> 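Here's a structure for you.
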Amino acid sequence: MSLENKEAPEFTLESTAGGEVTLSNRLEDGPAVVLINRGHWCSFCAEQLGTFSEVSYDLWFNDDVDILPVVTDPVADLVEMRDRFGYDFQLLADPDGEVADQYSGTEETSHGLTGIAATYVVDTDGVVRYEQVADHPADRTYGNWVRYFVRDDFEDPFGA
């Protein structure tokens, strides 16, 4: 089921910064990018998050965009992941996969329950303007592409 052009499912999750993050609260200031990740152990997730970390300050400062990575792991594992890779944003813990299920879905793997990797760009009205669900764990949308997508008024920057 595609979420593109539909209202993004609301969520509140525990953050690696402490406290909770609610999607609708973040949308009050600007768009948000919701990233569903498989787990702290996933090298493809770490690579994708690195590309968003590189552009996160620029997106926040210039476009009021928040990056909201949702990872199907407990917060302690995510703190370790955030610190190990030096991400410039906080990670959101979804250990039961409830949020991932509302977005791209979950699957049982050798690592336990994981989210199916996906990228969503949500506008300030809460509508999903871009959706990419991975067909393969390495199939990802990267941060720089999303930066141009947002700045091109939610249009494909390459005209595809």
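Keep in mind the model is a prediction, meaning the values are calculated, not measured.
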> Check for a donor-acceptor pair, side chain of Asp94 on one end and backbone N or O of Ala100 on the other, with a separation under 3.5 Å.
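Yes, because the side chain of Asp94 sits within donor-acceptor range (under 3.5 Å) of the backbone of Ala100.
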> Side chain of Thr22, backbone of Asn25: donor and acceptor closer than 3.5 Å?
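No: the side chain of Thr22 does not pair with the backbone of Asn25.
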> Below 4.0 angstrom, N of the basic side chain to O of the carboxylate: do Glu4 and Arg129 qualify?
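Between Arg129 and Glu4 there is no salt bridge, as every charged N stays at least 4.0 Å from the carboxylate O atoms.
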> For the atom pair CD (Glu107) and CZ (Arg38), what is the distance rounded to the nearest 0.5 Å?
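Here the interatomic distance stands at 5.0 Å.
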> Say you draw a straight line from CZ of Phe85 to CD of Glu47; how long is it, rounded to the nearest 0.5 Å?
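Those atoms lie 10.5 Å apart.
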> Quick one: does Ser15's side chain have a donor or acceptor within less than 3.5 Å of a partner on Val21's backbone?
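Pair absent, no side-chain N/O of Ser15 close to backbone of Val21.
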> Heavy-atom distance under 4.5 Å between the side chains of Gln48 and Thr119, does that happen here?
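Contact flag for Gln48/Thr119 side chains = yes.
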> Classify the side-chain pair Tyr130/Thr141 by whether it contains a donor and acceptor separated by less than 3.5 Å.
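Their side chains do contain a donor-acceptor pair, which is all the 3.5 Å distance test asks for.
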> Quick one: does Glu131's side chain have a donor or acceptor within less than 3.5 Å of a partner on Tyr120's backbone?
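No; judged by distance alone, with no hydrogens or angles, the pair does not exist.
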> Do Val71 and Tyr87 belong to the same hydrophobic cluster, where Ile, Leu, Val, Met, Phe, Trp and Tyr are linked whenever their side-chain heavy atoms lie under 4.5 Å apart, directly or via other members?
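Yes, it is one cluster - the side chains of Val71 and Tyr87 are joined through contacts under 4.5 Å.
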> If we only count heavy atoms from C-beta on, is the Leu68 to Arg26 side-chain gap below 4.5 Å?
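Yes; the side chains approach each other to less than 4.5 Å.
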> I'd like to check Pro9 versus Leu3 (side-chain heavy atoms, cut-off strictly below 4.5 Å). Are they in contact?
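Result yes, sub-4.5 Å side-chain heavy-atom pair found.
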> Using atom types as modelled and distance alone, determine if a side-chain donor or acceptor of Asp123 lies under 3.5 Å from a backbone N or O of Asp125.
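Confirmed, Asp123 side chain pairs with Asp125 backbone.
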> Counting only N and O atoms by type, is there a donor-acceptor contact under 3.5 Å from the side chain of Thr16 to the main-chain atoms of Leu78?
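Absent.
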> In plain terms, say whether Arg151 and Asp58 are close enough for a salt bridge, that is, a side-chain N and a carboxylate O under 4.0 Å apart.
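Asp58 and Arg151: salt-bridged.
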> Rounded to the nearest 0.5 Å, what separation is found between the CG atom of Asp152 and the CG atom of Asp156?
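If I round to the nearest 0.5 Å, the distance is 8.0 Å.
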> Could you tell me whether a side-chain N or O of Asp77 sits under 3.5 Å from a main-chain N or O of Asp73, the two making a donor and an acceptor?
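Not at all, since once roles are kept as given, no pair shorter than 3.5 Å links the two residues.
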> Do Ser56 side-chain atoms and Ser53 backbone N/O form a donor-acceptor pair below 3.5 Å?
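Checking the backbone N and O of Ser53 against the side chain of Ser56, a donor-acceptor pair under 3.5 Å is found.
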> Judged by atom type as modelled, is there a donor-acceptor pair below 3.5 Å linking the side chain of Thr72 to the main-chain atoms of Gly115?
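A pair under 3.5 Å: yes.
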> Looking at side-chain heavy atoms only, is the closest gap between Asn144 and Thr51 below 4.5 Å?
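Heavy-atom side-chain distance check fails, nothing below 4.5 Å.
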> Centroid-to-centroid, Tyr57 to Trp60, below 6.0 Å?
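Between Trp60 and Tyr57, which both carry aromatic rings, the centre distance is below 6.0 Å.
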> Considering only heavy atoms from C-beta outward, does the side chain of Leu49 approach that of Phe89 to under 4.5 Å?
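In contact.
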> When you compare the side chains of Glu98 and Thr106, does any donor N or O come within less than 3.5 Å of an acceptor on the partner?
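Result is no, nothing qualifies.
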> What's the verdict on side chain to side chain contact (heavy atoms under 4.5 Å, CB included) for Val128 and Val121, showing C-alpha distance, side-chain angles and the deciding distance?
CA-CA 6 Å; Val128 174; Val121 177; over 6 Å; no
> Please tell me if the side chains of Arg147 and Leu59 come closer than 4.5 Å, counting only heavy atoms from C-beta onward.
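Yes, their side chains come closer than 4.5 Å.
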> Just verifying a value: how many Å separate Glu14 CD and Leu92 CG, rounded to the nearest 0.5 Å?
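Answer rounded to 0.5 Å: 10.0 Å.
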> Kindly indicate, with the supporting measurements, whether the criterion side chain to side chain contact (heavy atoms under 4.5 Å, CB included) is fulfilled by Glu10 and Gln102.
CA-CA 9 Å; Glu10 176 69 300; Gln102 295 177 61; over 6 Å; no
> Do Val34 and Val70 come within less than 4.5 Å of each other through their side chains, counting heavy atoms only?
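Counting from C-beta outward, Val34 and Val70 do come under 4.5 Å.
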> Look at the side-chain heavy atoms of Ile, Leu, Val, Met, Phe, Trp and Tyr, link any pair under 4.5 Å apart, and say whether Phe149 and Phe158 land in one connected group.
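Cluster IDs for Phe149 and Phe158 match.
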> With clusters defined by side-chain heavy atoms of hydrophobic residues (ILVMFWY) lying less than 4.5 Å apart, directly or transitively, does Val146 cluster with Phe154?
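Yes.
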> Tell me, do Pro69 and Phe52 make a side-chain contact under 4.5 Å, heavy atoms counted?
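The answer is no, as the side chains (C-beta and beyond) never meet within the 4.5 Å cut-off.
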> Do Tyr103 and Val133 belong together in a cluster built from hydrophobic side chains that touch within less than 4.5 Å?
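Same cluster: Tyr103 reaches Val133 through Ile, Leu, Val, Met, Phe, Trp or Tyr contacts under 4.5 Å.
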> Once you round to the nearest 0.5 Å, how far does CG of Asn37 lie from CZ of Arg140?
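Between Asn37 CG and Arg140 CZ, I get 6.0 Å after rounding to 0.5 Å.
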> When you group the ILVMFWY residues by side-chain heavy-atom contacts below 4.5 Å and let the links chain together, are Ile67 and Trp145 in the same group?
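Yes, it is one cluster - the side chains of Trp145 and Ile67 are joined through contacts under 4.5 Å.
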> Can you tell me how far CD of Glu80 sits from NE2 of His40, rounded to the nearest 0.5 angstrom?
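Going from NE2 on His40 over to CD on Glu80, the span is 6.5 Å.
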> If only side-chain N and O atoms count, and only distance matters, is there a donor-acceptor pair under 3.5 Å linking Thr12 with Glu20?
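Looking only at side-chain atoms, Thr12 and Glu20 do not form any donor-acceptor pair under 3.5 Å.
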